[in-house]
Each structure stands twice: as C-alpha cells, then as structure tokens.
Student: 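Dropping the structure in here first, questions after.
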Amino acid sequence: MPELPEVETLCRQLKQTILGYVIEELVIMDNKLNCPKNVAGLRVRSVERQGKFLLIRLDPYRTLHLHLRMSGRLLWCGHADGLPAHSRFMICFPRGRLICIDPRRFATLALDDPKDRTAPVPDPLKSINANKLRQAAQGRQAPVKSFLLNQAIVAGIGNIYVCEMLHKAAVSPWRRTNSLSPAEWRKIAHAGRSILRHATECRGTSISDWRDLYGEKGRYQLHLKVYGRKGLPCACCGEKIQRIAMGGRGTYYCAACQQ
DNA sequence: CGAACGACCTGTTCGC
DNA sequence: TGCGAACAGGTCGTTC
C-alpha cells in the first residue's frame with residue numbers, strides 16, 4: 001500500500017509523536033515477525049525514511065527497520081483503545097501505543113538489520129534528476145516503468161505514482177529506457193518531483209484503506225489522472241484510459257497522450 | 001548481468 | 001444471491 005508519500009507522511013507524524021520518548025515494551029502479535037523484542041527502556045532518537053523503509057533510531061545505538069509492503073499501516077492509539085483487527089505488533093510508550101495493522105502480513109520488522117549498511121539510494125523527493133536517471137539507464141532495455149520501480153535505482157516510487165509520473169511526462173510505460181531522449185528524462189524527473197511533493201502535501205492517496213498515523217484519509221486520490229481510471233476519459237485529451245498488465249501489475253495510461 | 005514469473009498472504013470486488 | 005476468479009498500493013528467489 002504505502003509508497004514514498006505515504007511513508008513520508010508517517011515519518012513526519014512519528015517525529016511529532018514519539019521523538020524523545022522511551023519505549024516501555026515491544027509486543028509482537030504475529031509470530032511470522034521474528035524480530036527481537038529487547039528494546040524496552042530505549043529512547044527514540046530519530047525517525048527517518050529510506051525509500052519505503054521507516055527507520056526508528058534508538059538510544060543507545062539500535063535501529064528498528066519497518067517496511068509496510070502492500071497492506072501495512074501504522075496507527076497511534078491511546079492505552080484505553082482496543083486492538084484493531086489484523087494488529088501485528090505494537091510499541092508501547094507512556095503516552096500511547098504505536099500499532100501496526102497489516103491484513104496481508106507482508107510487512108517486515110527488523111532490529112539492526114545489516115542491510116542498513118548498504119549504500120543509500122537516491123531519493124526522488126530530494127535528489128532525483130534527469131542526468132542521474134539517464135546514466136543509471138545506460139545499458140538497460142527494461143520498460144521505463146519497470147526501471148522506475150526498481151528500488152535499487154531510485155527508492156520510493158510505487159505503482160500508483162509511476163503511472164501518474166509517466167502520464168504527466170507524456171511517456172508510454174512500455175518505452176525502453178535506452179530509447180528515451182534527454183528531454184524525456186527531464187520531463188520524467190520533473191513530473192516525479194512535482195507529483196511526489198504534491199502527494200506528500202496531501203498526506204498520500206486513500207483509494208481504499210490507506211490512512212495516516214491518526215486514522216485520517218489522504219487527499220491525493222482527488223488528483224489522480226490515470227491510476228484506477230480505466231475507461232474514463234483522459235483529462236488532457238479525452239481518450240479512454242487503458243489498463244494493461246505489465247509483469248502482472250496494473251498499468252494505467254493514455255495511449256493518445258503517452259508516446 | 002538483466003528480465004520474467006511465481007511466491008508470499010488475506011480481503012475485497014468483479015463477472016457470470 | 002452465490003460462487004469462483006481477478007485484483008490489490010511490494011519485494012524476493014528462481015530460472016532463463
């Protein structure tokens with residue numbers, strides 16, 4: 001479910017909610033999550049986002065790595081509130097509890113994962129630019145949509161926003177990376193930055209079940225141009241939006257606008 | 001090395 | 001209405 005704007009929203013809200021507070025207890029309800037629980041007494045030093053990962057840095061020197069995958073959510077609850085359905089773990093603080101809800105059970109939680117030491121990947125909110133993308137695309141011939149979804153190249157873009165970016169850039173998802181001109185890379189980089197910033201300001205896209213840390217819907221679903229709009233007219237040209245699977249994933253685009 | 005595909009899970013929506 | 005199929009925002013391991 002969550003892509004960069006949704007994870008960034010949670011990151012910002014967590015900073016306002018748990019920064020500086022001491023963990024009382026980590027309770028794991030889903031034993032599929034085999035994460036060590038010995039973090040009681042540690043203080044939250046910082047909360048960061050790396051791509052779609054949330055890193056909760058603890059004092060002294062431990063880090064919780066959370067990835068919400070497809071259906072994970074985080075909800076801030078008072079101690080008196082009951083546990084929602086599909087609660088998988090919770091981190092208890094004196095002033096409330098942070099609960100992870102995840103119907104499909106794909107989310108992962110790790111303590112001090114060694115993957116932390118891998119080189120950081122460019123973040124499209126900060127450092128995306130046309131030249132870097134074009135260089136990374138050298139020698140590749142994957143469709144540009146698959147390329148942009150590759151988290152080892154740019155971290156954070158998912159299926160909703162890649163469809164929206166390519167529509168705004170007027171580039172077909174099936175174009176091979178090695179066929180794109182410098183001007184097309186510039187349009188993709190610009191569309192990506194602008195859409196991801198706008199979606200973050202809107203606190204994400206609530207198509208069905210995305211909610212922020214306090215249970216509120218995002219607003220970016222009101223701005224979607226292609227995702228989930230199969231058969232509806234394109235806002236730019238009026239042609240019907242298509243949905244065709246690429247690698248098993250729904251790919252929405254306007255065949256008239258996107259060449 | 002890169003690309004395609006199934007696997008991991010459960011819930012909801014679609015189509016007959 | 002009922003039932004199976006298709007679909008869902010993400011990644012990983014295997015195979016070619």
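Source: prediction; values computed, not measured. Chain naming here is simple, since letters A, B, ... match the order of the sequence lines and numbering starts at 1 in each.
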Student: I need the CD1-C1' distance between Ile207(A) and dC7(C), as an integer number of Å.
Tutor: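 Atom-to-atom, Ile207(A) to dC7(C), this comes out as 13 Å.
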
Student: Please check: side-chain N/O of Gln221(A) versus main-chain N/O of Lys217(A), any donor-acceptor pairing under 3.5 Å?
Tutor: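 Looks like no, no N/O pair under 3.5 Å.
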
Student: Mind calculating the distance between CG (Leu149(A)) and P (dG2(B)) to the nearest angstrom?
Tutor: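 Checked: the CG to P distance equals 16 Å.
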
Student: Using modelled atom types and a 3.5 Å cut-off, is there a donor and acceptor pairing between side-chain atoms of Thr63(A) and backbone atoms of Arg57(A)?
Tutor: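 Such a contact is absent between Thr63(A) side chain and Arg57(A) backbone.
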
Student: Closer than 4.0 Å, any side-chain N/O of Arg105(A) to the OP1 or OP2 of dT10(B)?
Tutor: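 Checking Arg105(A) against dT10(B): at least one side-chain N or O falls below 4.0 Å of OP1 or OP2.
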
Student: Taking any heavy-atom pair under 4.0 Å as a contact, classify Tyr161(A): base, sugar-phosphate, or nothing.
Tutor: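 The answer is nothing, as Tyr161(A) stays clear of every strand by at least 4.0 Å.
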
Student: Does Tyr252(A) have a side-chain nitrogen or oxygen under 4.0 Å from the phosphate oxygens OP1 or OP2 of dA8(C)?
Tutor: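 Yes, such a contact exists.
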
Student: Quantified in whole Å, what is the P atom distance between nucleotide dG4(C) and nucleotide dC9(B)?
Tutor: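 It comes out at 23 Å once rounded to the nearest Å.
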
Student: Under 4.0 Å: is that the gap between some side-chain N or O of Arg243(A) and OP1 or OP2 of dA8(C)?
Tutor: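 So the side chain of Arg243(A) is within the cut-off, an N or O lying under 4.0 Å from OP1 or OP2 of dA8(C).
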
Student: In whole angstrom, what separates Asp209(A)'s CG from dT10(B)'s C1'?
Tutor: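 Answer to the nearest Å: 11 Å.
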
Student: Please determine, for the side chain of Arg104(A), which listed nucleotide (dA8(C), dA3(B), dG10(C)) has the closest atom?
Tutor: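 Among the listed nucleotides, the one closest to the side chain of Arg104(A) is dA8(C).
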
Student: Can you check the distance between dA7(B) and dA5(C), where both ends of the measurement are the P atom (answer in whole Å)?
Tutor: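 Here dA7(B) and dA5(C) have their P atoms 16 Å from each other.
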
Student: From CZ of Arg176(A) over to C1' of dA4(B), roughly how many Å is that when rounded to an integer?
Tutor: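 In whole Å, dA4(B) C1' and Arg176(A) CZ are 11 Å from each other.
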
Student: Measure from the side chain of Arg140(A), starting at C-beta and using heavy atoms only, and say which of dG10(C), dA8(C), dG2(B) lies closest.
Tutor: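 Looking only at side-chain atoms, Arg140(A) lies closest to dG2(B).
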
Student: Between Arg249(A) and dG10(C), does any side-chain N or O lie under 4.0 Å from OP1 or OP2?
Tutor: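 The answer is yes; a side-chain N or O of Arg249(A) sits under 4.0 Å from OP1 or OP2.
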
Student: Roughly, in whole Å, what's the span from CG in Leu68(A) to C1' in dC9(B)?
Tutor: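 Atom CG in Leu68(A) sits about 15 Å away from atom C1' in dC9(B).
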
Student: For Ser146(A), which contact category applies under a 4.0 Å heavy-atom criterion: base, sugar-phosphate, or nothing?
Tutor: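 Answer is nothing: Ser146(A) stays at 4.0 Å or more from every strand.
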
Student: Does dG10(C) have OP1 or OP2 under 4.0 Å away from a side-chain N or O of Gln151(A)?
Tutor: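 The answer is no; no side-chain N or O of Gln151(A) sits under 4.0 Å from OP1 or OP2.
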
Student: Is the backbone of Ala142(A) close enough, under 3.5 Å, to the side chain of Ser146(A) for a donor and an acceptor to pair up by distance?
Tutor: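 Answer holds: no.
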
Student: Tell me whether the ring of Phe106(A) lies stacked over the dC8(B) base, given a 5.5 Å limit on centroids and a 30° limit on the plane angle.
Tutor: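 Yes; centroid distance and tilt both under limits.
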
Student: In this structure, how many angstroms lie between the C1' atom of dC8(B) and the CG atom of Asn31(A), rounded?
Tutor: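 Checked: the CG to C1' distance equals 16 Å.
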
Student: Does dC14(B) have a Watson-Crick or wobble mate here (both distances under 3.5 Å), and if so which one?
Tutor: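 Matched dC14(B) with dG4(C) under the 3.5 Å cut-off.
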
Student: Name the pairing partner of dC1(B), where a pair is Watson-Crick or G-U wobble with both distances under 3.5 Å, or state none.
Tutor: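 Across any shown strand, dC1(B) pairs with none.
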
Student: Do the ring planes of His65(A) and Phe53(A) sit parallel (below 30°), tilted (30 to 60°) or perpendicular (above 60°)?
Tutor: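 His65(A) and Phe53(A): perpendicular rings.
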
Student: Gly247(A) near the nucleic acid: base, sugar-phosphate alone, or nothing, with a heavy-atom cut-off under 4.0 Å?
Tutor: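 Counting heavy atoms under 4.0 Å across all strands, no contact is made by Gly247(A).
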
Student: Do any side-chain nitrogens or oxygens of His67(A) fall under 4.0 Å of OP1 or OP2 in dT11(C)?
Tutor: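 For dT11(C), OP1 or OP2 has a side-chain N or O of His67(A) closer than 4.0 Å.
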
Student: Short question: side chain of Gln151(A), backbone of Leu149(A) - any donor-acceptor pair under 3.5 Å?
Tutor: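 Yes, the answer is positive, given that a donor and an acceptor are paired below the 3.5 Å cut-off.
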
Student: Measure the distance from CG on Asp102(A) to P on dT11(C) and round it to the nearest whole Å.
Tutor: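 To the nearest whole Å, that distance equals 13 Å.
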
